[in-house]
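Down below is the structure, laid out as structure tokens.
Here is the naming used below: chain letters follow the sequence lines, and residue numbers restart at 1 for every chain. Every value quoted in this text rests on a predicted model; they were computed, and no experiment measured them.
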Protein chains: 2
Amino acid sequence: MKSKYLAIYNEISKQIKSGELLPDSLLPSENELTDIYDTSRETIRKALNLLSQDGYIQKIRGKGSVVLNVNKFDFPVSGLVSFKEISQKLDNQVRTIVNELSLEKPSQSMKKQMQLSSTDLVWKVVRTREFDGQKVILDKDILVQNLIPDLTKEICADSLYEYIENKLNLTIGFSKKEIVVTEPTEEDRELLDLEGFSNVVVIKSYAFLDDATLFQFTESRHRPDKFRFVDFARRNH
Amino acid sequence: MKSKYLAIYNEISKQIKSGELLPDSLLPSENELTDIYDTSRETIRKALNLLSQDGYIQKIRGKGSVVLNVNKFDFPVSGLVSFKEISQKLDNQVRTIVNELSLEKPSQSMKKQMQLSSTDLVWKVVRTREFDGQKVILDKDILVQNLIPDLTKEICADSLYEYIENKLNLTIGFSKKEIVVTEPTEEDRELLDLEGFSNVVVIKSYAFLDDATLFQFTESRHRPDKFRFVDFARRNH
DNA sequence: TAGTGGTCTAGACCACAAT
DNA sequence: TTGTGGTCTAGACCACTAC
């Protein structure tokens with residue numbers, strides 16, 4: 001957050017989110033912003049391109065940068081957002097139950113995918129998420145012990161991401177995820193309040209650090225009525 | 001596609017997709033690429049940043065740009081991809097049935113969201129998608145007639161996107177979409193081969209042109225066993 | 001014609017990784 | 001210390017929009 005262009009990005013995005021800058025209005029031109037922020041045009045353009053990527057503005061050649069209607073986006077699970085961040089936004093009655101926390105030998109496929117040696121171990125974490133007294137999400141995590149030496153139930157009950165990023169100072173770089181709908185397993189029926197629902201939404205995701213090492217595999221299983229995914233996408237180049 | 005940085009992006013991404021550049025290997029450094037492509041470093045960096053955004057490479061400070069394992073990404077519905085593009089990739093036995101094509105007065109909420117005047121009309125298109133003889137997707141589209149004056153069943157049976165982009169020369173800029181799971185409606189049961197499935201996956205999406213005008217609303221209803229969504233995401237700034 | 005965003009350049013300094 | 005990517009600059013020319 002030290003760089004100029006990120007500071008400009010943050011300031012303008014805040015103004016858009018707060019309503020200070022109204023949808024359909026135009027931002028000052030790039031030349032004007034150059035004066036306002038006392039910087040070069042390329043630096044302004046870096047900030048504006050970020051805003052465009054994230055759906056805050058649309059740049060139109062010859063006209064300017066239009067502010068987009070951002071409030072419809074509420075609850076973006078797109079991008080990488082942890083459960084704790086989501087629940088804070090929702091301001092809901094939310095609770096996490098740690099069902100299991102253990103050190104195990106990785107399965108053959110895990111060992112291969114995570115490029116582990118024969119002696120490496122992995123953490124297995126199983127957690128249930130409760131909204132308004134109902135168990136609606138089952139999270140199963142596999143983490144490499146190399147990178148995360150110690151793990152306690154307390155950490156898991158709070159936020160794994162927060163611990164990894166703030167305490168261990170590891171930076172999460174990118175993730176791949178896949179969403180499918182399947183029949184519930186015995187484990188799902190046991191640990192979730194399925195209430196007769198005959199399907200669960202499964203989000204499998206691989207999380208990588210900044211240096212491209214895989215460090216976490218997550219399977220997040222949702223009761224279908226409590227699942228929602230919102231996405232903003234720009235057309236391919 | 002005239003710009004240097006896009007040409008460089010295309011060349012390198014092609015090399016990665018073809019396997020000419022192997023996963024976990026390093027790209028030439030930015031300075032070397034500057035010589036190879038006879039351009040400035042900022043132009044190289046624009047190309048590399050695109051590759052990074054799209055999940056082809058990971059840039060690591062002090063080391064270089066690592067090629068990522070891209071073949072696991074198969075079938076990215078993320079980003080904006082049309083049904084025709086997907087089916088070509090899948091190389092499947094695929095058929096589109098046009099159930100309905102009509103010009104209608106927009107509903108009140110549509111009129112508001114699309115900023116239409118009282119006399120404007122919208123196209124309503126209902127299509128069923130058949131994979132291997134089974135009707136598994138129901139697509140319901142609303143398009144503003146202002147922008148798309150003529151529409152025929154033939155066009156709808158082929159590809160709306162192709163017609164819009166190639167024939168009408170409109171550029172699709174970005175989209176917002178939402179994914180939820182619900183119970184099937186009467187229409188779903190009628191037009192799809194649900195085979196006892198008690199849920200459908202609903203993808204609602206708004207498509208906007210390059211100048212930020214909303215021109216299409218789509219509701220795509222999938223049989224759950226045939227639904228799959230793959231996403232690549234970078235951590236928020 | 002004037003103003004907008006899109007591309008490109010040649011140089012500079014910095015933070016970080018490998019040695 | 002050398003080489004890497006990350007940021008920033010001041011200037012240039014272009015394509016498009018509005019007038």
Taking atom [atom2] of [N] as reference, at what distance in whole Å does atom [atom1] of [X] sit?
X: A/Asp38; N: D/dT7; atom1: CG; atom2: P; value: 19 Å
X: A/Asp210; N: C/dA15; atom1: CG; atom2: C1'; value: 14 Å
X: A/Arg45; N: D/dT9; atom1: CZ; atom2: P; value: 15 Å
X: B/Ile8; N: C/dT7; atom1: CD1; atom2: P; value: 13 Å
X: B/Leu26; N: C/dA17; atom1: CG; atom2: P; value: 14 Å
X: A/Lys59; N: C/dT4; atom1: NZ; atom2: P; value: 13 Å
X: A/Tyr37; N: D/dC8; atom1: OH; atom2: C1'; value: 17 Å
X: B/Glu30; N: D/dT7; atom1: CD; atom2: P; value: 11 Å

By salt bridge (Lys or Arg N to Asp or Glu O under 4.0 Å) - contacts of [X] (at least two apart):
X: A/Glu178; result: B/Arg228
X: B/Lys59; result: B/Glu30
X: B/Glu219; result: B/Arg221

task = Measure centre to centre between the rings of B/Phe232 and A/Phe174, then say whether the value is under 6.0 Å.
result =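 Ring centroids of B/Phe232 and A/Phe174 are less than 6.0 Å from each other.
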remark   = Its contact letters, B for base, S for sugar-phosphate only and - for none at protein heavy atoms under 4.0 Å, make nucleotides 10-18 of chain D read B-B--BBSS
task = Tell me which nucleotide among D/dT4, C/dC8, D/dC8 gets nearest to the side chain of B/Lys46.
result =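 Side chain of B/Lys46 sits closest to C/dC8.
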Determine: side-chain N/O of [X] to OP1/OP2 of [N], distance under 4.0 Å, yes or no.
X: A/Tyr5; N: D/dT7; value: yes
X: A/Thr43; N: D/dT9; value: yes
X: A/Lys4; N: D/dT9; value: yes

query = Who are the side chain to side chain contact (heavy atoms under 4.5 Å, CB included) partners of A/Asn31, not counting sequence neighbours?
reply =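 Side chain to side chain contact (heavy atoms under 4.5 Å, CB included) list for A/Asn31, sorted by chain: A/Ser29, A/Arg41.
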key: All side chain to side chain contact (heavy atoms under 4.5 Å, CB included) counterparts of A/Leu22, not counting sequence neighbours   =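 Per chain and number, A/Leu22 pairs via side chain to side chain contact (heavy atoms under 4.5 Å, CB included) with A/Ser25.
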message = Once you measure the plane-to-plane angle for A/Phe227 and A/His222, does it fall in the parallel (<30°), tilted (30-60°) or perpendicular (>60°) bin?
response =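 A/Phe227 and A/His222: perpendicular rings.
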